[in-house]
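Note sheet for the following structure.
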Number of protein chains: 2
Amino acid sequence: MGRRADHSRDELFEMALSAAREIAEEDGLGGLTARRIAAKIGYSAGTLYNLFDDLDDLIVHLNGRTLDSLYEALATAPGDNDPEADLLALAQGYIAFTRANAKLWNLLFEHHRPGERLLPDWHHQKIGRLLGLMDECLVPFFGPGREAERNHTARVLWSSLHGMCLLQTEKKLILDEPIEAMATSLVKYYLAGLRTSTAESAGGKT
Amino acid sequence: MGRRADHSRDELFEMALSAAREIAEEDGLGGLTARRIAAKIGYSAGTLYNLFDDLDDLIVHLNGRTLDSLYEALATAPGDNDPEADLLALAQGYIAFTRANAKLWNLLFEHHRPGERLLPDWHHQKIGRLLGLMDECLVPFFGPGREAERNHTARVLWSSLHGMCLLQTEKKLILDEPIEAMATSLVKYYLAGLRTSTAESAGGKT
DNA sequence: GATTGATTTTGAACAACGGTCAATATATTT
DNA sequence: AAATATATTGACCGTTGTTCAAAATCAATC
């Protein structure tokens, strides 16, 4: 067979990612084979290899799309300048996304590039952008000049929330309690502890 | 070739797990192939299949050993009946283990059984035993009759700690801060928030 | 010691995998 | 119309997990 004019290169790129997404939503990482993706878009496996470096590259791109979806789902939330309320809403939104897109979200962490290869920069930026959402919520909590503490708090909360969602979807730890309640508890009491500490160091013995 | 008398069935079982552990420590999940494990113990691949159901089963057993190691590493810690100090020590011990055994610990979560198969009961029990260590630290914090709150707190802390370690070893989120500090912050302020809330509901307006 | 029966062990075989590439068929330019 | 560039493929390679009949050995019996 030779050249076709059915689809442009960009169209093929999107078609492949779309097919891969549908397969991943059904069967997870295990179902994502080159031949199956290719068959789903009506091309042969070889065609995928002049769109992507290899199958890992395709999956990294698919994961990028998932991160974009997650960002869109969370960035549209209102935010009323109350750190605790905003963080709670963000956490619930994050949990809701991982529930609604369990297989795709799992793929973000189930997939590992062989041989210690690092992820591309744009991938880390997409994650950083998500972390930034949490950071923004904390702006009113920490005044100016306390950016380091704010970033630290965002990272702690983000990592913790991440752990809850992972243990949930991977079913590695039996949690007989909905993670929504756990996340609420985390945000509420961790912030309360921070407030106490801040108040003490400000109003107490300096 | 036929039957040999070199090793008993139990010896072979241990040899296979030991070989698999060494391979996993070097090359992670990707290096764990049936033929490679078999070659390392001087047998053919087929022999592994009358020791284990399949390769997934072998890895689940290997993961069980890793959970045992982790438990031994954490259970030997002293514990001086001060919840915050004990929890901090436990968290640091956990982090130290994941650092020292990064590849093996990763295998616990990198590996997924195909087709929604659940993990065996004994596996969940090994995890529950670890969670129990955290629970025990909290006994003095919550008095009797507050077991539900205690379990809840242990789960929140465990999940959160888990998330930090995962993001660290998987390098999915660039953390420009050692997770030891993040874990310390988590334990310290989350507990402080709990204390405040408890004190308020006890001493304040009922 | 010889014979029988139960167990291990193996190498060959299978289907499916990721990935490569020369051959080919079409699009595009000259 | 001829020449050139590009996209697509099917055959192919090595490797994977897994199965299984054949063969070799151990254990028990006569």
Side-chain angles (χ1 to χ4, degrees), chain A residues 1-21 23-24 26-63 107 110-117, chain B residues 1-21 23-24 26-63 107 110-117:
Chain A
M1 293 289 166
R3 182 173 187 164
R4 281 200 227 162
D6 299 356
H7 306 94
S8 73
R9 187 182 179 87
D10 288 349
E11 282 173 336
L12 277 178
F13 191 90
E14 294 304 321
M15 287 164 63
L17 284 187
S18 195
R21 180 174 41 76
I23 294 170
E26 280 179 26
D27 296 336
L29 180 60
L32 277 179
T33 74
R35 286 168 176 83
R36 186 166 166 193
I37 298 171
K40 196 151 193 168
I41 63 175
Y43 282 77
S44 82
T47 293
L48 293 178
Y49 286 87
N50 47 16
L51 297 171
F52 304 92
D53 294 342
D54 51 31
L55 205 55
D56 292 312
D57 184 42
L58 187 154
I59 296 178
V60 170
H61 275 89
L62 175 56
N63 281 339
L107 191 61
E110 195 171 348
H111 175 252
H112 293 81
R113 314 183 90 192
E116 316 280 349
R117 263 191 302 172
Chain B
M1 293 291 163
R3 183 174 186 165
R4 283 198 226 162
D6 299 357
H7 307 95
S8 74
R9 187 182 179 87
D10 289 348
E11 280 173 337
L12 277 178
F13 191 90
E14 295 304 321
M15 286 164 63
L17 285 186
S18 196
R21 179 172 43 74
I23 294 170
E26 280 179 28
D27 296 336
L29 180 59
L32 277 179
T33 73
R35 287 170 176 84
R36 187 167 166 193
I37 298 171
K40 196 151 193 167
I41 64 175
Y43 283 76
S44 82
T47 293
L48 294 179
Y49 285 85
N50 48 16
L51 298 171
F52 304 92
D53 295 342
D54 51 32
L55 204 56
D56 291 312
D57 184 41
L58 187 154
I59 295 178
V60 169
H61 275 89
L62 175 56
N63 281 338
L107 192 62
E110 197 172 346
H111 176 252
H112 293 81
R113 315 183 89 188
E116 316 279 351
R117 263 192 300 171

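This one's a predicted model, so the numbers in the text were calculated from it and none came from an experiment. Residue numbers begin at 1 in each chain, while the letters A, B, ... track the order of the sequences.
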D/dT25 C1' sits how many Å from B/Tyr43 OH, rounded?
12 Å
Using whole Å, report how far NE2 of B/His7 lies from P of C/dT9.
10 Å
What is the distance, to the nearest angstrom, from the CG atom on B/Leu48 to the P atom on D/dG17?
10 Å
Smallest heavy-atom separation, A/Ala45 atom then A/Arg35 atom, equals CB-CG, 4.1 Å
Assign A/Ile37 to base, sugar-phosphate, or nothing according to its heavy-atom contacts below 4.0 angstrom with the strands shown.
nothing
Can A/Asp54 and A/Arg117 be counted as an ion pair, charged N to O under 4.0 angstrom?
yes
NA contact type, B/Leu12, heavy-atom cut-off 4.0 Å: base, sugar-phosphate, or nothing?
sugar-phosphate
Report the distance from atom CD1 of A/Ile59 to atom P of C/dC17, rounded to the nearest whole Å.
13 Å
What is the distance from CG of B/Asp54 to P of D/dC20, rounded to the nearest Å?
14 Å
In terms of heavy-atom contacts, A/Leu12 and A/Tyr43 come closest through CD2-CE1, 3.6 Å
For the backbone of B/Leu107 and the side chain of B/Glu110, can you confirm whether one donor and one acceptor N or O come within less than 3.5 Å of each other?
no
B/Arg36 has an atom CZ; how far is it from atom P of D/dT15, in whole Å?
13 Å
Select base, sugar-phosphate, or nothing to describe what B/Thr47 touches, counting heavy atoms under 4.0 Å on all strands.
base
Mind checking B/Ser44 for me? I need base, sugar-phosphate or nothing, with any heavy atom below 4.0 Å counting as a touch.
base
On DNA chain D, does the nearest nucleotide to A/Arg35 precede the nearest nucleotide to A/Asn50 from the 5' side, or the other way round? Give the residue.
A/Asn50
Just how far, in rounded Å, is P of D/dA7 from CZ of A/Arg9?
6 Å
Check the distance between D/dT6's C1' and A/Leu51's CG and give it to me in whole angstrom.
13 Å
Which pair of heavy atoms, one from A/Ile37 and one from A/Ala16, lies closest together, and at what distance?
CG2-O, 3.8 Å
Donor-acceptor pair, distance only, cut-off 3.5 Å: does the side chain of A/Arg36 make one with the backbone of A/Ala20?
no
B/Asp56: which of B/His61, B/His111, B/Arg113, B/His112 passes side-chain hydrogen bond (donor to acceptor under 3.5 Å, both in side chains):
B/His111
Distances for protein N/O vs nucleotides 20-22 of chain C N/O pairs under 3.5 angstrom?
none

